[in-house]
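One-based numbering along the sequence shown.
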Amino acid sequence: MTTLAQGRTIAAACPLQRRFWRSSVVGGLLESRSGLRGLPESQRPRGLHAATEPLPTMVLDALNAIVGADKVSTGLAVREQHARDESYHADSDGIFPPHAVVFPSSTEQVAEIVKLCAQNDIAIVPSGACTSLEGHLAALKGGVSVNMRDMKEVLEVNASDMDCRVQAGVTRIQLNEFIRDTGLFFPVDPGADASFGGMASTRASGTNAVRYGTMRDNVLGITAVLADGSIVRTGGRARKSSTGYDLTRLLIGSEGTLGIITEVTIRLHGQPEAISSAVCEFESLHGAVDATIAIIQCGIPVARVELLDSATCDAVNKYSKMNLAVVPTLFFEFHGSSSAVAEQAQQVGDLVAEFGGSGFKWSASPEERSQLWKARHDAYYASIALRPGCKGMPTDACVPISRLADCILETEKDLKETGLVGPMLGHVGDGNFHMCLAIDVADKHEVQMAKDFGARLARRAISMGGTCSGEHGVGYGKLPFLDEEHGPVAVQMMRSIKSALDPKGLLNPGKMGS
């Protein structure tokens, strides 16, 4: 067995070309410290972080030369910040920080950084607003975090063609402010003010996907840096093409494992003439879900339809100072002309009454609508606030809409039997729902119960013809379920693609395709 001292001696002997050594001694120490020891193999991140040495001085000097010394950080606080997302993973599994964080401002700088890392066998983890939820940012093998914070430029707006091109660090709110006077907007709204690079990398969607689709449907083209530092531009501004492999869709949802997205060309939509929102209360979750199914099947073009269970309504009331009835509740939003919005609201009001809906209230007031959706977007933090001092363990699943009621009701029963605190809310118009568990990460038994609950939910959704994640993505948190969802042949195909594009396995290692 290699000792710590021997390991350092070996590493020091070849500082530029070393692969950061991982002795069983170091791995065991970190495993014990992070609480991973004793967890089932299916719940453990692959490739424990065991690099203890800093980056070679010559590599740091080269990074400084590429982006400037003020854009390279090796401070522990900054490195740990870029190893955390919005979930519980860093608190329960341990923090896996990179060795350095770099802030480039152009595609060309990213390419030079990647070439440098490739020459020295150093892992690379891209990051943006750090709002992901499944451990996507964990630098399981150390290396360099390439953060897109300074890539904030809107490069091109083509109002007549309803598209634009942005750098990866531009956020959804920033873009909509920038193009507000054009009469256009970008609709994909995952809740957090995420960056476009991150949203494309995780194939994000959100509350209005039922009408406008997900990032997969709204990205026309991508500029990305591949594992060898080469720059690829995929897709284009044409609304359709029948040439070549669809490389744009290959990179969307790849979570930084196939390339680093630096620019995104996206589809824009016209701002609706009128917008209204509505709230409706139900006696049961079953009634609310069945009403949603009926609305979708009738072809009513709702822009958003969100389900909050009674626990979520209670949490939102306390956190956002709302006055919702503490019962299963649907939030709606309608887009269109003034007459179309009124007609949609009337149709939905008539339908929900047939499924036990009551107190249907709709309003065109921008202030009321803003308050309603802010409360909905704050529901995650409201859920955590139910248990002060605890952390959020959000998980999601998506099933065919005909199985949604079964999946939600079985999940609610499972939750009650575990005794965990976990409000439920969902974008039920497309069969996607979230469980927002509030857990004490210091209580290892509770953490394990929560992970087991999440695993049962994932398998329940898969067994119903659905997916273990409709929005949150894979990271390392959902990695164990890929075989069950896609099958060994499809997963091996993913690994083959990863191996072809990243033969050294340097891009976000330990995640998809590894």
### Query
Between the main-chain N or O of Pro488 and the side-chain N or O of Asp483, is there a donor-acceptor pair closer than 3.5 Å?
no
### Task
If a pair satisfies salt bridge (charged side-chain N to carboxylate O under 4.0 Å, His left out) and one of its residues is in residues 202-224, list it, with sequence neighbours excluded.
none
### Query
Would the Phe103 and His82 ring centres measure less than 6.0 Å apart?
yes
## Note on the structure
Value for CD (Glu108) from CD1 (Ile113), rounded to nearest 0.5 Å, stands at 11.5 Å
### Query
For Leu226, does its backbone N or O pair with a side-chain atom of Ser230 as donor and acceptor, under 3.5 Å?
no
### Message
Tell me every residue that passes salt bridge (Lys or Arg N to Asp or Glu O under 4.0 Å) with Arg237, counting only those two or more places apart in sequence or in another chain.
### Response
Asp161, Asp163
#### Entry: Residues which pass salt bridge (Lys or Arg N to Asp or Glu O under 4.0 Å) with Asp150, listed by chain and number, not counting sequence neighbours
Lys71
### Task
Could you pull out the closest heavy-atom pair between Pro509 and Ile124, with the gap in Å?
CD-O, 4.3 Å
### Query
Shortest non-hydrogen contact from Val210 to Ala303?
CG1-O, 3.4 Å
#### Entry: Check: Leu55 and Val144 side chains under 4.5 Å, non-hydrogen atoms
yes
### Task
List the steps, then state whether side chain to side chain contact (heavy atoms under 4.5 Å, CB included) holds for Ile260 with Met148.
CA-CA 10 Å; Ile260 300 177; Met148 303 299 176; 3.1 Å; yes
### Query
Hey, does Phe186 have a side-chain heavy atom less than 4.5 Å from the side chain of Asn218?
yes
### Task
May I ask you to establish whether Arg376 and Phe331 are in a cation-pi arrangement, using a distance under 6.0 Å from NZ or CZ to the six-membered ring centre and at most 45° from the ring axis?
no
### Message
Can you give me the closest heavy-atom contact between Asp430 and Ala209, atom names plus distance?
### Response
OD2-CB, 3.5 Å
### Query
How far does OG of Ser106 sit from CD of Glu153, to the nearest 0.5 angstrom?
10.5 Å
### Message
For the NZ atom of Lys152 and the CD atom of Gln167, what is their distance to the nearest 0.5 Å?
### Response
10.5 Å
### Message
I'd like to check Asp502 versus Thr257 (side-chain heavy atoms, cut-off strictly below 4.5 Å). Are they in contact?
### Response
no
### Met162 backbone acceptor or donor facing Asn158 side chain under 3.5 Å
no
### Task
May I ask you to test the Pro394-Leu437 pair for a side-chain heavy-atom distance under 4.5 Å?
no
### Task
Could you list the residues that satisfy salt bridge (Lys or Arg N to Asp or Glu O under 4.0 Å) with Glu80, not counting sequence neighbours?
none
#### Entry: Listed partners of Ala138 passing side-chain contact (heavy atoms from CB on, under 4.5 Å), at least two apart
Phe96, Leu140, Tyr476
### Query
Is Arg172 reaching over with its side chain to a backbone N or O of Ala194, donor-acceptor style, under 3.5 angstrom?
no
### Query
Are side-chain N/O atoms of Glu333 and Trp373 paired as donor and acceptor at under 3.5 Å?
yes
### Query
Between atom NZ of Lys478 and atom NE2 of His136, what is the distance when rounded to the nearest 0.5 Å?
9.5 Å
### Message
Closer than 3.5 angstrom, by distance alone: can the side chain of Ser254 be matched with the main-chain N or O of Leu251 as a donor-acceptor pair?
### Response
yes
### Task
Could you list the residues that satisfy ring pair (Phe, Tyr, Trp, His ring centres under 6.0 Å) with Tyr212, not counting sequence neighbours?
Phe185, His269, His335
#### Entry: Evaluation steps, side chain to side chain contact (heavy atoms under 4.5 Å, CB included), between Cys390 and Ile439
CA-CA 5 Å; Cys390 290; Ile439 59 173; 5.8 Å; no
### Task
Taking atom types as modelled, find out whether Asn147 and Ser145 have a side-chain donor-acceptor pair closer than 3.5 angstrom.
no
#### Entry: Interatomic distance, Ile179 atom CD1 to Cys164 atom SG [nearest 0.5 angstrom]
6.0 Å
### Task
Using a 4.5 Å cut-off on heavy atoms from C-beta on, say whether the side chain of Phe433 contacts that of Thr411.
yes
### Message
Which residues pass the side-chain contact (heavy atoms from CB on, under 4.5 Å) test with Ala111, not counting sequence neighbours?
### Response
Val225, Ile231
### Query
In Å and rounded to the nearest 0.5 Å, what is the NZ to SG distance from Lys115 to Cys117?
13.0 Å
### Task
Please report the shortest heavy-atom distance between Leu507 and Gly256, naming the atom on each side.
CB-O, 3.4 Å
### side-chain contact (heavy atoms from CB on, under 4.5 Å) involving His377 - partner list, sequence neighbours excluded
Asp189, Thr207, Arg304
### Message
If we count only N and O atoms by modelled type, under 3.5 Å, do the side chains of Thr171 and Asp193 hold a donor and an acceptor together?
### Response
yes
### Query
Hey, is Asp378 close enough to Lys374 for a salt bridge, meaning N to O under 4.0 Å?
yes
### Minimum-distance pair of heavy atoms, taken over all atoms of Ala69 and Asn64
CA-OD1, 3.6 Å
#### Entry: Closest contact, heavy atoms only, Val428 versus Ile401
O-CD1, 3.7 Å
### Query
Is Gln109 close to Ser105 at the side-chain level, that is, under 4.5 Å between some pair of heavy atoms?
yes
### Non-hydrogen side-chain atoms of Val232 and Thr234 separated by less than 4.5 Å
yes
#### Entry: salt bridge (Lys or Arg N to Asp or Glu O under 4.0 Å) partners of Arg165, counting only residues at least two apart
Glu156, Glu263
### Task
Please examine the side chains of Val219 and Thr248, heavy atoms only from C-beta on, and report whether any two atoms are closer than 4.5 Å.
yes
### Query
So Ile222 and Arg233, side chain to side chain contact (heavy atoms under 4.5 Å, CB included) or not? Walk me through it.
CA-CA 6 Å; Ile222 280 173; Arg233 292 178 173 85; over 6 Å; no
### Message
Assess, by modelled atom type and distance only, whether the side chains of Thr107 and Thr223 contain a donor and an acceptor separated by less than 3.5 Å.
### Response
no
### Query
Of all residues at least two apart in sequence or in a different chain, which pass the side-chain hydrogen bond (donor to acceptor under 3.5 Å, both in side chains) check with Lys391?
none
### Task
Please name all residues satisfying side-chain contact (heavy atoms from CB on, under 4.5 Å) with Ser499, sequence neighbours left out, ordered by chain then number.
none
Donor-acceptor pairs are to be reported for all side-chain atoms of residues 462-475 against protein atoms at under 3.5 Å, with residues two or more places apart or in another chain.
| from | atom 1 | to | atom 2 | distance (Å) |
| --- | --- | --- | --- | --- |
| Ser463 | OG | Arg459 | O | 3.4 |
| Ser463 | OG | Arg460 | O | 2.7 |
| Thr467 | OG1 | Ser469 | N | 3.2 |
| Thr467 | OG1 | Ser469 | O | 3.2 |
| Thr467 | OG1 | Glu485 | OE1 | 3.1 |
| Thr467 | OG1 | Glu485 | OE2 | 2.8 |
| Ser469 | OG | Asp396 | OD1 | 2.9 |
| Ser469 | OG | His472 | N | 3.0 |
| Ser469 | OG | Gly473 | N | 2.9 |
| Glu471 | OE1 | His427 | NE2 | 3.0 |
| Glu471 | OE1 | His434 | NE2 | 3.1 |
| Glu471 | OE2 | Ser205 | OG | 3.0 |
| Glu471 | OE2 | Gly206 | N | 3.0 |
| Glu471 | OE2 | His427 | NE2 | 3.0 |
| His472 | NE2 | His434 | ND1 | 3.0 |

